[in-house]
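Heads up, the thing below is written out as structure tokens.
Side chains included, hydrogens not; waters and symmetry mates left out as well; all remaining heavy atoms used. Index from 1, following the sequence.
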Amino acid sequence: FLPSRGRKMLRTSLHATLARHSPRDSLSRKSTSHSPRSHRARPQVRQARQVAATCTYIQERLNVVLTGFECAPFAKKGGLGDVMQSLPKALVRRGHRVMTVSPMYYHYDELGEPCGGVHLDVCGTGVDIQYFHHHRDGVDLVFVNHPCFIENAENIYGGSVMDVAWRGALLSQAAIEAVWHVPCGGFPYGTESLVYVANDWHTALLPVYLQAFYKEHFHLGFARSVLVVHNISHQGRSHWDDVWRLGLPDHHTGAFYLDDPMEGQGMNILKAGIEYATKVIAVSPGYAWEISTDEGGWGLAPTIRNDPMKISGIVNGIDFDTWSPEHDTHLQSDGYQTYGTNLEGLWTGKQACKAALQRQLGLPERHEVPVLGFIGRLDEQKGLDLILDSEEYLMSRDIQIVFLGSGRQDLQDRLYDMECRNRDKVRAWIGYSDQMAHRITAACDILLMPSRYEPCGLNQLYAMHYGTVPVVHAVGGLRDTVLHYDGENEGTGWTFERAEVDKFQWALGQALYSFWDHRDSFMGVALRGMHKDLGWDHAAYMYECKLLEAKYAH
């Protein structure tokens, strides 16, 4: 970006800065407010070095706009809701101005009257939307009000692919326009140092619309877009003829075409988003590598490999305001107990929580027995069948095991049958309870995560912070966050390499052997997990570096 002499001077002058700051439109619209436009018309080490090099050169304030279908605590179905809640707060702490744009599924108590509105052309249909604004934890929370979101409040991802795509197209355009029409703090964000962050295929149209409807018409010329891939198996696939329903000029439709050997020719929204985005971030370095392989790319591996320098991976963090054994509100009643992240706290607090969980679920109250936990969807991805197929192995040992989740009916039935056969050892809570998720995480000695694939995973992070030792299948974010303990190293759990019953039993056997015969070593593994830097501040630093890379990309 600079002549060689200028680059050398900039590099020299900013080495000290890094040391100080690095942490451990052709569419027709009628606006209800002023618009400035006259027309509308595996390589983790190498990645870390690249990030460090980028941040050596630049430290500056960005205007960041994140958009997605979820934003906790207002709407949450999975990890995306947590990211949309926590990452913006961490970026604000680093000095950036941050806005989130998400659907208004209900009229939330914090919201007052609409603060603005705009007329949009969404896939050939003219619609009027309203913006609602709420400032919280330094973040500008913007909600888009339209009947299509309220109608799907109970199932935010419900409907056909094109139904969801239409809502995503509306949200994507509303997010782009929000920088002009939402007077956050008295004045809009404007277009300077502007980076949009879209999440998954539901808002993957944002990078495409930014180019087709704005940049090509000399608006937002310096804005950049970043696409975060939380789960590449969900792509927005449809029949090829549906591409014409997106309202795009002909020369932008080619990016949507995918000829998949498994599913044939069709339209793929995520593929177009990846091609048009300035940068693409997977939710862990391991997952960034996996989606570039034919086995893990779900048909998009060639697209990923086509521009490998665009792709990177960043592990999500924990929001300590919600997940912390020291002040967890779910551990302050019914005999549960908050505890510190030290040996004394781990020993006394976990024993109290274990006894409380056993009483609550009707299990024999025994402090010496290892309690195992599983929290997650009951489906093939989460590897629950590996646990169910190990029933004989598990029940032949002196353990207790607790399940929390819902999903496939056949797996729910197998869990129920397993509990009925082993009432003194097994409990299954079918459904989801946030309170029980916190209590199981705090009370268990070992958390089981035998997922066949796991882009990032949050439960293993929660478990480690609560001193609960994870046993995981070494894939995606699980491989990045859990170091296998071999008896000598600084391991934080136990891992197995293939999603097979005997491999799972071997890893679990290692953990149980340490619990029974080498308790000091087991407690050391738990303490190392508790002391890991699992918060959002480091993840926000990595995101900041990638957003800055995007800003200065050609």
Report yes if the distance between the aromatic ring centroids of [X] and [Y] is under 6.0 Å, otherwise no.
X: F143; Y: F74; result: yes
X: H234; Y: Y157; result: no
X: Y336; Y: H330; result: no
X: F132; Y: H107; result: yes

So, for [X] and [Y], which heavy atoms are closest and what is the spacing to 0.1 Å?
X: H465; Y: W323; value: CD2-O, 3.5 Å
X: G273; Y: V208; value: N-CG2, 4.3 Å
X: A526; Y: L346; value: CB-CD2, 3.8 Å
X: V228; Y: V283; value: CG1-CG1, 4.1 Å
X: G138; Y: V92; value: O-CG2, 3.5 Å
X: A174; Y: V144; value: CB-CG2, 3.8 Å

Exercise. Before giving the answer on side-chain contact (heavy atoms from CB on, under 4.5 Å), spell out for M162 and C123 the whole-Å C-alpha distance, their side-chain angles and the decisive distance to 0.1 Å.
Key: CA-CA 11 Å; M162 291 309 297; C123 303; over 6 Å; no
Quiz prompt | Residues Y196, V179; criterion side-chain contact (heavy atoms from CB on, under 4.5 Å); working and verdict | solution = CA-CA 10 Å; Y196 291 99; V179 298; 3.6 Å; yes
Is a side-chain donor or acceptor of [X] paired with a backbone partner of [Y] at a separation under 3.5 angstrom?
X: N199; Y: L80; result: no
X: Q235; Y: W298; result: yes
X: H217; Y: H219; result: no
X: R167; Y: I156; result: yes
X: W429; Y: L404; result: no
X: T492; Y: L483; result: yes
X: D200; Y: H230; result: yes
X: Q381; Y: E454; result: no
X: D537; Y: A540; result: no
X: K279; Y: S312; result: no

Check whether the side chains of [X] and [Y] place a donor and an acceptor atom closer than 3.5 Å, and report yes or no.
X: D533; Y: H538; result: no
X: E544; Y: H96; result: yes
X: Y105; Y: E70; result: no
X: T278; Y: K551; result: no

When the ring planes of [X] and [Y] are compared, do they come out parallel, tilted or perpendicular, using 30° and 60° as the limits?
X: Y209; Y: F213; answer: parallel
X: F149; Y: F69; answer: perpendicular
X: Y466; Y: Y339; answer: perpendicular

Below 4.5 Å, heavy atoms only, C-beta onward: do [X] and [Y] meet side chain to side chain?
X: F320; Y: E326; answer: no
X: M449; Y: V482; answer: no
X: I318; Y: Y462; answer: yes
X: T468; Y: K350; answer: yes

Practice problem: Determine the sole option in L206, V197, L194, V195 for which the side chain to side chain contact (heavy atoms under 4.5 Å, CB included) test with V65 is passed. | Solution: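 Among L206, V197, L194, V195, the one meeting side chain to side chain contact (heavy atoms under 4.5 Å, CB included) with V65 is L194.
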Practice problem: May I have the step-by-step check of side-chain contact (heavy atoms from CB on, under 4.5 Å) for V182 and C115, ending in yes or no? | Solution: CA-CA 6 Å; V182 181; C115 63; 3.8 Å; yes
Quiz item: Rounded to the nearest 0.5 Å, how far does CD1 of I269 lie from CD1 of I274?
Solution: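 Rounded to the nearest 0.5 Å, the CD1-CD1 separation comes out at 12.5 Å.
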Exercise. Please assess Q85 against K76 for the test side-chain contact (heavy atoms from CB on, under 4.5 Å), listing each intermediate value before the final yes or no.
Key: CA-CA 10 Å; Q85 178 186 30; K76 181 180 182 301; over 6 Å; no
Practice problem: Mind running ring pair (Phe, Tyr, Trp, His ring centres under 6.0 Å) on Y276 and H252 for me, showing each step along the way? | Solution: CA-CA 10 Å; Y276 274 78; H252 289 288; 5.7 Å; yes
Practice problem: Start with the C-alpha gap between E177 and Y214, add the side-chain angles, then the distance that decides, and say whether side chain to side chain donor-acceptor pair (under 3.5 Å) holds. | Solution: CA-CA 10 Å; E177 293 278 336; Y214 296 86; 2.7 Å; yes
